[in-house]
2 protein chains.
Amino acid sequence: MTDYDPHAYPPFALTVDLVVLTVRDGELQVLLVRRGVAPYQGRWALPGGFVQIDEDLRAAAVRELREETGLRLDDVHLEQLATYGAPRRDPRMRVVSVAWLVLAPDLPSPVAGTDASDASWRPVDGTLSSGRLAFDHASILSDGVERARAKLEYSSLGASFCDDKFTVGELRAAYEAVWGVELDPRNFHRKVTGTPGFLVETGRTTTRGGGRPAMLYTARDAALNPPLLRG
Amino acid sequence: MTDYDPHAYPPFALTVDLVVLTVRDGELQVLLVRRGVAPYQGRWALPGGFVQIDEDLRAAAVRELREETGLRLDDVHLEQLATYGAPRRDPRMRVVSVAWLVLAPDLPSPVAGTDASDASWRPVDGTLSSGRLAFDHASILSDGVERARAKLEYSSLGASFCDDKFTVGELRAAYEAVWGVELDPRNFHRKVTGTPGFLVETGRTTTRGGGRPAMLYTARDAALNPPLLRG
DNA sequence: GCAAAAGTGTTACCCTTACACCCATGT
DNA sequence: ACATGGGTGTAAGGGTAACACTTTTGC
């Protein structure tokens with residue numbers, strides 16, 4: 001960082017944009033809002049908004065997540081994706097946007113408590129191929145999907161697409177939707193249950209989905225992340 | 001992105017910071033500049049500077065790379081790392097910084113054409129353990145090193161630490177320095193030469209380093225990236 | 001009983017690892 | 001001749017992929 005004249009630095013507008021991914025109806029979907037004003041009026045866009053001047057970047061992402069999607073941080077995985085700042089990406093003024101990747105389970109009440117006038121889940125494939133998103137959001141979405149696909153290979157993030165308690169079959173369905181492939185149920189089961197630190201048995205089983213009762217798992221061992229002090 | 005009042009958005013100062021890594025003397029080193037003014041006067045910091053109001057983010061990183069380190073984009077690998085924007089990360093005002101990761105070969109003229117008053121290569125290990133970098137630059141450096149170590153596992157980026165033409169032994173030395181491990185020369189050779197699209201033989205050999213002449217390779221096949229139109 | 005999904009066993013294959021061994025140069 | 005690093009051969013072990021088979025439910 002170099003010296004500077006505190007009265008002469010150029011001012012930038014700063015936003016956060018959210019790539020909120022989930023698995024619905026067996027396919028990867030993204031949460032989009034419809035723009036009510038120009039530019040790109042009527043077009044679909046990623047949810048997002050301006051960062052407040054005393055607000056942490058992650059806090060801004062969490063706030064927009066709550067305001068525009070009704071999701072809470074406890075429910076989802078949130079990580080920084082990248083920052084987009086081409087000079088003309090917003091035709092009105094210089095806006096730099098820090099994009100965040102959110103992986104969310106399929107929610108019982110889709111997009112509850114939404115701030116935006118019109119928000120809905122849309123299939124990622126059709127959205128990207130139609131090329132009709134506002135601003136550079138198609139590029140951001142593409143990067144987010146690529147990141148999600150890559151991270152599922154070397155992390156336990158796939159569980160972020162599942163509910164609190166889930167079966168191995170439900171987890172496999174999430175992977176199949178994100179990657180667009182079919183996985184062998186037997187080998188997938190052995191792999192995820194055999195990887196230490198990935199799944200934790202709850203001791204409970206379920207028959208939702210039919211067939212033989214399946215063990216329910218959680219993604220992390222709650223005992224390893226105790227709720228701070230307990231008394 | 002939501003609606004906004006174009007006269008009411010909060011203004012942010014925007015900088016780029018560079019994590020420039022190289023391998024020197026068999027260890028991973030980072031390029032640091034010494035701050036001449038408060039705050040953190042006299043402390044080491046990452047090179048960087050303000051983004052101009054009509055400048056692309058990557059262009060700002062490339063400009064700072066040239067101004068502060070004398071490196072050209074042709075010589076190095078450059079990728080966005082992450083964006084840091086904690087409200088008090090700069091005690092004077094709200095500054096958000098887009099950090100970039102640069103992987104550079106060990107240069108014959110170290111840090112030529114430097115803009116900063118005092119710049120030098122410093123071992124990463126000692127720098128991180130001393131905890132004396134300005135601002136949140138220790139955190140940025142730590143993230144950059146982690147990214148570099150991770151990417152070497154599933155990409156051919158290790159060659160970014162080598163000169164234009166290099167031997168398998170030189171490439172192995174780069175991996176050993178970044179990871180801090182010893183690799184079996186025989187198996188390493190088989191692996192990198194056997195991975196399609198990683199190395200391209202030049203047909204030339206060298207005896208620098210002693211021993212039997214070693215084949216010289218380049219990282220990419222120039223024929224696959226033709227200089228646009230040629231005829 | 002039958003369909004459906006869960007879960008186990010088994011085997012072939014591939015990639016990694018460890019290390020014996022040979023090659024081609026400088027001194 | 002010898003040291004030095006380059007490069008090949010080979011065999012053991014671990015993980016993956018393919019698939020036969022058993023288990024336990026709902027209907």
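Naming convention: chains lettered A, B, ... in sequence-line order (proteins, then strands); numbering from 1 in each chain.
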Is the shortest side-chain N to carboxylate O distance from Arg43(B) to Asp118(B) below 4.0 Å?
no
Apply ring-ring contact (aromatic ring centres under 6.0 Å, His included) to residues Tyr40(B) and Phe135(B) and explain how you reach the verdict.
CA-CA 8 Å; Tyr40(B) 299 102; Phe135(B) 303 106; 4.8 Å; yes
Check nucleotides 9-12 of chain C against the protein and report each pair of N or O atoms closer than 3.5 Å, with its distance, or say if there are none.
unit_1: dG9(C); atom_1: N7; unit_2: Arg190(A); atom_2: NH1; d: 3.1
unit_1: dG9(C); atom_1: O6; unit_2: Arg190(A); atom_2: NH2; d: 2.8

Send over the distance from Glu182(A) CD to dA18(D) P, rounded to a whole Å.
12 Å
Looking at residues at least two apart in the chain, or sitting in another chain, which of them share a side-chain hydrogen bond (donor to acceptor under 3.5 Å, both in side chains) with Thr83(B)?
Thr83(A)
Taking CD from Glu176(A) and P from dA5(C), how many angstroms apart are they, rounded to a whole number?
12 Å
Rounded off to whole Å, could you give me the CG-to-C1' distance for the Leu183(A) and dA6(C) pair?
16 Å
For Asp106(B) and Thr22(B), does a side-chain donor sit closer than 3.5 Å to a side-chain acceptor?
no
Answer yes or no: does a side-chain N or O of Lys191(B) lie under 4.0 Å from OP1 or OP2 of dC15(C)?
no
Would you kindly say whether Asp143(A) and Tyr84(A) are connected by a side-chain donor-acceptor distance under 3.5 Å?
yes
Does Asp164(B) pair with Arg204(B) as a salt bridge, N-O distance under 4.0 Å?
no
In residues 206-216 of chain A, which ones come under 4.0 Å of DNA chain C, going by heavy atoms?
Gly209(A), Gly210(A), Gly211(A), Arg212(A), Pro213(A), Ala214(A), Met215(A)
Rounded off to whole Å, could you give me the CG-to-C1' distance for the Asp184(A) and dA20(D) pair?
12 Å
Ion pair present between Asp74(A) and Arg72(A), side-chain N to carboxylate O less than 4.0 angstrom?
yes
Going by the angle between their ring planes, with limits at 30° and 60°, are Tyr175(A) and Trp179(A) parallel, tilted or perpendicular?
perpendicular
Over how many whole Å does the gap from His189(B) atom NE2 to dC22(C) atom P extend?
19 Å
Round to the nearest Å and state the distance from Phe188(B) atom CZ to dC15(C) atom C1'.
17 Å
